[in-house]
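Please read these numbers as outputs of a predicted model, since none were measured by experiment. Heavy atoms only: backbone and side chains are in, while hydrogens, waters and symmetry mates are out. In what follows, every chain begins at residue 1, and chains take the letters A, B, ... in the order their sequences are listed.
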Amino acid sequence: MTSAESPEVPVLVRQEWCKGCGICIAMCPKKVLEAAADGKVVLARPEDCIKCETCEIMCPDFAIRVVGGRSKEVARGREDVADARA
Amino acid sequence: MTSAESPEVPVLVRQEWCKGCGICIAMCPKKVLEAAADGKVVLARPEDCIKCETCEIMCPDFAIRVVGGRSKEVARGREDVADARA
Amino acid sequence: MAVPIDDYLRTQFMPHIWCPGCGHGIILGAVLRAIGRLDLPKDEVCIVSGIGCASRAPGYLDFNTVHTTHGRALAFATGIKIARPDLHVIVLTGDGDAAAIGGNHLIHAARRNVGLTTVMFNNSIYGMTNGQYSPMTPRGRYASTAPYGNVERNFDMCELVRAAGGNYVARATTAHARQLSNYVENAIQTPGFAFVEAVTQCPTYFGRRNKMGTPVDMIEWFRKNSINAAAAAKLDPADLDGKIIIGEFYRGDAPEYTEVYDEVIERAKEAAAR
Amino acid sequence: MAVPIDDYLRTQFMPHIWCPGCGHGIILGAVLRAIGRLDLPKDEVCIVSGIGCASRAPGYLDFNTVHTTHGRALAFATGIKIARPDLHVIVLTGDGDAAAIGGNHLIHAARRNVGLTTVMFNNSIYGMTNGQYSPMTPRGRYASTAPYGNVERNFDMCELVRAAGGNYVARATTAHARQLSNYVENAIQTPGFAFVEAVTQCPTYFGRRNKMGTPVDMIEWFRKNSINAAAAAKLDPADLDGKIIIGEFYRGDAPEYTEVYDEVIERAKEAAAR
Amino acid sequence: MRREIRLSGYGGQGLILAGIILAEAAMHDGHEVVQSQSYGPEARGGASRAEVIISDEPIDYPKVTNPDVLLLMSDQACKRFAGSACQGGTVIVDSGLITSIPETSGVVYKFPITDIAVEATGRSISANVAALGVLNTVAKLVSPESLKNAVSSRVPRGTAEVNLAALRAGIAAAEAAGAER
Amino acid sequence: MRREIRLSGYGGQGLILAGIILAEAAMHDGHEVVQSQSYGPEARGGASRAEVIISDEPIDYPKVTNPDVLLLMSDQACKRFAGSACQGGTVIVDSGLITSIPETSGVVYKFPITDIAVEATGRSISANVAALGVLNTVAKLVSPESLKNAVSSRVPRGTAEVNLAALRAGIAAAEAAGAER
Amino acid sequence: MPGHNGRDLRLLQGNECCAEAAILAGCRFFAGYPITPSTEIAELLSEKLPQVGGKFIQMEDEIASMAAVIGASLTGAKSMTATSGPGFSLKQENIGFASFTEVPCVIVNVQRTGPSTGLPTAPAQADLMQARWGTHGDHPIVALYPSTVPEVFDLTIKAFNIAEQLRVPVILLMDEVVGHMREKVAIPHQSEIEIVSRPQPDVPPEEYLPYAAGPDGVPPMAPFGTGYRWHVTGLYHDETGFPTTAAPKVDRLMKRLYSKIESAADEITFTSDEFLDDADTVVVACGITARSARRSVRLAREKGIRAGMVQLKTIWPFPYDLVGDIAGRVDRIIVPEMNMGQLIGEVERAAKGRCEVVGYSRVDGEPIAPAEIVAKIEEV
Amino acid sequence: MPGHNGRDLRLLQGNECCAEAAILAGCRFFAGYPITPSTEIAELLSEKLPQVGGKFIQMEDEIASMAAVIGASLTGAKSMTATSGPGFSLKQENIGFASFTEVPCVIVNVQRTGPSTGLPTAPAQADLMQARWGTHGDHPIVALYPSTVPEVFDLTIKAFNIAEQLRVPVILLMDEVVGHMREKVAIPHQSEIEIVSRPQPDVPPEEYLPYAAGPDGVPPMAPFGTGYRWHVTGLYHDETGFPTTAAPKVDRLMKRLYSKIESAADEITFTSDEFLDDADTVVVACGITARSARRSVRLAREKGIRAGMVQLKTIWPFPYDLVGDIAGRVDRIIVPEMNMGQLIGEVERAAKGRCEVVGYSRVDGEPIAPAEIVAKIEEV
Ligand SMILES: Cc1ncc(C[n+]2csc(CCOP(=O)(O)OP(=O)(O)O)c2C)c(N)n1
Ligand SMILES: Cc1ncc(C[n+]2csc(CCOP(=O)(O)OP(=O)(O)O)c2C)c(N)n1
Ligand code: SF4
Ligand code: SF4
Ligand code: SF4
Ligand code: SF4
Ligand code: SF4
Ligand code: SF4
Ligand SMILES: [Mg+2]
Ligand SMILES: [Mg+2]
């Protein structure tokens, strides 16, 4: 955990695991994320985050995690939330 | 060829090949064939033969053959003759 | 004019090794009649088999013949066909050979749509090894390795080959020898991968274990329990349980593998010339 | 409460070996979320794989894990499941592993209806060996062994598994990660053989060879070219060319193998007692 | 002492079972014993052959070469094996099935074995057990008691009575012939 | 004389191609040559390494152990291989990518190789060829002519011009540095 | 039916006996694919295993059978398969996996005349070297070879015990003749049979290192699904079981695999001999040929020839020392075998030129008769 | 780009070179299944074969690949496949079929560290014995083993020629290091390369006996589809090609298969040596290890040690006489190899105790360096 866990940070990024593929950045519906110089992800607009978990679900490297997570119902994916950007 | 090839014999049986399975006997629509003591086939009622080729087609041992054979059309099986006993 | 079966047989080896009443000989006759009607030159026909009672067929046939390893007939045949696309390559195989150990080669040959004609002699048993259950043995039937009745279900091989991409798919039984021969003829004429399932009797093992009576009884059983595809389509699936559905299930026109490969050769030669 | 993914990972080995943007990690996440939602005890989960990039998954997972030989995962898994029917045995496999060398084990596991959940990571390429075409590579696509475009057609693996007897069959892509996870969850819950095809991106080989852009581009491509099974059913087959049909294709209730075998044990014990 | 027995005929006559019964009887008499049968291309239909070696010491080489006792139950078997009998060996032929006997160095005993069985049991399938009765009475290989027990324990369920009848018929026929000679 | 060269960095920098180009140039100069590269778990992303041996006699043992010339193009490569250089060997580092250089028995030359390439061609992908320019100018392994030819014949179709520009830029940078020192 | 010493006296085929012994040895899982001349083993187990709550499955081929056997063994079930030449060839890749991942199992190969389909119902002893070298890469192997039906019983039990004790695949080589012949076997009661089971961890799951071995070189093996979650891979792995490419660890694993068998070599080398003491000609043989060899030396002794014999019941690891010792004491070693010369290669290695080594091959599908060996003994 | 003697000078990987040589040798059919470290051979042939009208197919596995290669060869096409350990294990059954039915083909095995998945990208020399004994039943085999890229060229051509001349499968064993390294190769023109093709019948089809051999033991082989309709079977067969179980015919076939290779042994045994004349220590090695051996004896000579070396380019049939001769003349033979000791077994057999035979094994995925062998030479 390189990002400190504090209430203001909606998602945590494990920098050592992130490979900078850019998927979370592209998939975030709120444009919360951006690439740093080394390609790895940084939180550019944490305040816009809606904790939709798309970044977490789409990250192939288990490198990004929504703090606290969502309700079991939502995590189950059973609600009719459409897929990321779909 | 143990049966002599003569015009009166509608089907020839190769005794050395026949294993006496009885299929031709059962399938012949005209009951032309019968089993000898050793189980191999003999012509009991050659005169009833209609040269339908069922015995030839159904013999697993290539042991029985209709003399002369039928027209190409029939041999092709393309006519709507139903299968043996079907 | 009758088809010259004798001319296709290596008569010096007859009578063949199959048991009295074994249906394999009926299927073989149907295949030879199909070849005869098509009048294929003997030098251009290649027969390939694996291992099993069914797979002993090529040894009796006066063509280019190969008796390969268990389950691999289609892979050998693929090599032959691709190297010599002008040959008529016909694979004669058993249900164990084709559906058990050889299942993968079967679905891949179908997918590639290689121009092979495959006739599967399906007696629902491993005959050659004395009667173990096969992937075509229905659940509940007895076999030497199924003393309490078979736990497994059988494949619907025609459906499987079709799903894998086969270009011609049909099924008949030894009770329908004429129909069977016609299907084989159609199979040979269809470009791409063609598959004919020939349901047949093994009186020695399947028949005896399952108290099915004589070879004639088994043929009769096939006849009574077979139903035409068209008729079957109109029935409730539940009513089809235990029935043998016969007919031509599919006849397509997907391009044959070696023809597509010829285009690759052209492209490659162009690329090399550049 | 979120699913405890970290608890399922052998985090000491992270980051994993997969390339940046490889979709395999997305599929793995979907599988782990399904396990998490079902709250399966870790000791009762067994993950089995073959060889390939996809098949490296079990090494990262804190369950009973086996990384077997290429193509044989389902056969190993069959042994595990039959010996210990109470375990949840999940097979993670690639398209090469499952559809090429392992195709026979796949259709036979489906036929037997052994209670295994199989997730096939389909990137349409052999990733681990640097990009040769696979049985899931569509005709015309490029690969290191298809420099002139692939001659072969791909399987419709869902259709094939269904035809072989699979009791649950579904497909989704990495662009549909939530749906995919739900399918895996349903697969685990369905008794008998369950198969989920997860269409995924190999940006390193398939993507690069076929000029498909970044991993994000590939995911977008999946999203745009996918069509729901229900919607697809209404379209002309010709319009489906090149499309990825996603959805749950089948959910059955055929009896699971080990349950049927338990009946055999009962019958055998009775017979022995007699 | 080592005695080699060969039972030969065609598939379906149950000669392998006969061999097993004989071997099992010898085992219960306390002998060392080896029973084997031919597999091979003949396995599919055609010829059938069972062999038994009965000995008082451990049996090293387990193959029959020149049998002391030879049972011949088909013309084909006769042609192939009649010559294999050892000098002075016992050769028993089913005279109902065999048309001619080639030269042999054994002593030939003819019995219409299959007919004897059919007469006793109504079933030709029990000829194998009738043959055992004949053979053991002539060649004295095992105790009649053990043979009876082995028949009962090895034949298919529900056929013990029929087979014991065949055995008795075989024994009786051989004894009668012995009395005559 | 046998000279061992190791080119190391990360996947995607084209170092294997650089090794092939260098080897091909040496071959056309009439030398014996062996080029190899690491495979292994690193193959999937991560580190990359190419090795070349140039010799005037047949090359028996084909592995590089203590390179005479070492190119380091990533921190990871630097950490792993800096120590492998032979006493007094030539060690060339991409000073734009590498933050710290561990101890080495070679003589270190620093060049911002990737930056040089980007400046000359606008494309960082040509850093491998720029590195060859630098390296060959410092270590004098092959004739500049052969190197140029090898670059032209081995780089992907349509990129010869760009790569030759990178080569020239690398050579120029090394020559300039030589002038300075 | 009480027999010798209260044991159950039975007339059993070699194949039947193997199946019976397997069940008594604790076998509870069989996966196989039928092939002559081994099929009776599967047939009998399909009937018997469910009677004792075990599982029988007929797989789609031999590759899958071997895989299923390994999978079942991972759950703790004693497992076996049986096959013949063509199937043995197909199993090789997964036998290597079992050897490398140290999963106990028993593989029976009832040999027939090869190569390829060969003569499926005729005997040969031509898979000896394949048993040793059939899979790719270095791997040690244990192979036992009975010559009588009672030995089949004994060595089947031993095969399971060795597999478990050393965590290795054990190959039981049989001759077609032995597999198909019936002999008298005194079946002991279950209680009389010594049964060995794989070593179990004595540490809690958190401390379990699945490939950390004690002095005997054999790591404890926790069954899957018992709280020990470990990883099995055919890649090189270290004590944790996870992949490694570190050269010293690679070296250590490979050498341990060999040394665990070498250290147990004495315990697992079974032989039987006759007239060895004063022999100047010794016949070395295995399987059915050893029976002819035994008779042949008796016949030779009757003729006043000082002949002796050794039967190797353990073929692999090969008893080089034992054979080497003999070579140092005698004039000639004769190696009769039903192949083109396989065992003889190892005998020559062991002999190191200290005596003459003469082979006698028979490759026509017929067993070697005692007289043939006598002739070879007499011909100097 | 004209090079040595007007030849085309190219910097080629061992694998690439193998593919190029195959095409020049007349190969027109390749079937394979990808596996590291052999895949480049397939990749290059997928591009090059159609350019010359040949066929490339990627099969569903290695078993099918081997089958397709045999099938294609039956039509007269020179055919090959390439693989590595796990795939080599899978091909074994069909390699036996090719050997037994005498269908010419070339099988390349670019070895990696095994067993099982092992270290897929690291070198080892541990499939030597498998190459000899991998399939069931007796079968002779030919295996060649290059140590440099130019040797890859040379031995690939020879592999095809031997396959055709003797109607045998020929195995080309390669080390991962050789397969992946690039070296200078002078490619001759097609016209400079001697090409051998399988013997053809000189009788009309009615008189053709597909398994009747002349004095060289090699029967003429008519391509399928040319009017000679013959039968191919993996069962024992007589001169007609049809199955037989007659013991004398079975015996005759097996012995001919061995003798046809034995009679050609001198022609197909390739070695290379250095400082053999006066050596009292000789290093015997193959593949990449032979290069280290060569360097090591040079280094030893510099130290005044009378060391020499032999590189075996033909591994099977093993040159027992050659090695035996050396053993009779020297004090010590050292056998360095990247395995637990495989070649050494054959050297010991050949040496028959006439000199000391010492092994040096390295099994950690790293090649053996010259210094290691020097140390072994120095340690007496
Ligand atoms: C690799 C291999 N495994 C097993 C066998 C044994 N075997 C020979 S034929 C056969 C099954 C044959 O069944 P099928 O193909 O249905 O033919 P049938 O005899 O019923 O006509 C088997 C298992 C073999 N020859 N090779
Ligand atoms: C018997 C065998 N053949 C071939 C290989 C080489 N091999 C390793 S992984 C692989 C293909 C992997 O493809 P896939 O299953 O699609 O996985 P991906 O890497 O694409 O995730 C191959 C051919 C092998 N390891 N073993
Ligand atoms: S949780 Fe949703 S909104 Fe928040 S960063 Fe992730 S993708 Fe963006
Ligand atoms: S998706 Fe994951 S690996 Fe990719 S950039 Fe985002 S956090 Fe990093
Ligand atoms: S041809 Fe027809 S009618 Fe004549 S015997 Fe044959 S089956 Fe009977
Ligand atoms: S069908 Fe053929 S084998 Fe059977 S009885 Fe008739 S002729 Fe004889
Ligand atoms: S065993 Fe069955 S399949 Fe084989 S020949 Fe006899 S009847 Fe036919
Ligand atoms: S090669 Fe392809 S499949 Fe393998 S890890 Fe990389 S992106 Fe994923
Ligand atoms: Mg069958
Ligand atoms: Mg893939």
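Other residues, nucleotides and ligands place no more than 12 heavy atoms under 6.0 Å from the CG atom of H/Asp321.
Counting heavy-atom pairs closer than 4.5 Å to chain G, the top residue among H/Gly87, H/Gly365, H/Ala351, H/Gly345 is H/Gly345. For the set G/Ser84, G/Ala124, G/Ala247, G/Gly96, the entry with the most heavy-atom pairs within less than 4.5 Å of chain H is G/Ala247. Heavy-atom pairs under 4.5 Å with chain G peak, among H/Leu90, H/Leu119, H/Ile95, H/Leu253, at H/Leu119. Here G/Met340 is the residue among G/Lys352, G/Glu348, G/Met340 with the most heavy-atom pairs under 4.5 Å with chain H. Ranked by heavy-atom pairs under 4.5 Å with chain G, the list H/Ser99, H/Gly353, H/Gly118 is led by H/Gly118. Highest contact tally toward chain G, considering only H/Lys255, H/Gln342, H/Gln92, is held by H/Gln342 [criterion: heavy-atom pairs under 4.5 Å]. For the set H/Pro248, H/Ser116, H/Gly114, the entry with the most heavy-atom pairs within less than 4.5 Å of chain G is H/Ser116. For chain G, the option among H/Pro120, H/Ala98, H/Gly134 with the highest count of heavy-atom pairs below 4.5 Å is H/Gly134. Interface check for chain H: of the options G/Gly85, G/Pro86, G/Ala126, the most heavy-atom pairs under 4.5 Å are formed by G/Pro86.
Between G/Thr83 atom OG1 and H/His136 atom NE2 the span is 9.5 Å, to the nearest 0.5 Å. One finds the CG atom of G/Asn94 at 9.5 Å from the OG atom of H/Ser89 (value rounded to the nearest 0.5 Å). We find the OG1-NE2 distance between H/Thr117 and G/His237 to be 11.0 Å, quoted to the nearest 0.5 Å. A distance of 10.5 Å separates CG of G/Asp138 from CD of H/Gln125, quoted to the nearest 0.5 Å.
If you measure heavy-atom distances from G/Leu128 to chain H, you find no contacts under 4.5 Å at all. Contacts between G/Thr244 and chain H at a heavy-atom distance below 4.5 Å involve the backbone alone (N, CA, C, O). Heavy atoms closer than 4.5 Å to chain G are found nowhere in H/Leu257, neither backbone nor side chain. With a threshold of 4.5 angstrom between heavy atoms, H/Tyr258 approaches chain G through side-chain atoms but not through N, CA, C or O.
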Residue pair H/Met254, G/Thr113: steps toward the side chain to side chain contact (heavy atoms under 4.5 Å, CB included) verdict
CA-CA 11 Å; H/Met254 177 46 64; G/Thr113 304; over 6 Å; no
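Considering only heavy atoms from C-beta on, H/Ile63 comes within 4.5 Å of G/Ile63 through its side chain. For the pair H/Arg349/G/Glu346, no side-chain contact is recorded, criterion being any heavy-atom separation below 4.5 Å from C-beta on.
Judged by distance alone, with hydrogens and angles left aside, the side-chain atoms of G/Asp364 form no donor-acceptor pair with the main-chain N or O of H/Val250 at under 3.5 Å.
Closest non-hydrogen pair, G/Pro115 versus H/Tyr236, comes out as CD-OH, 4.0 Å.
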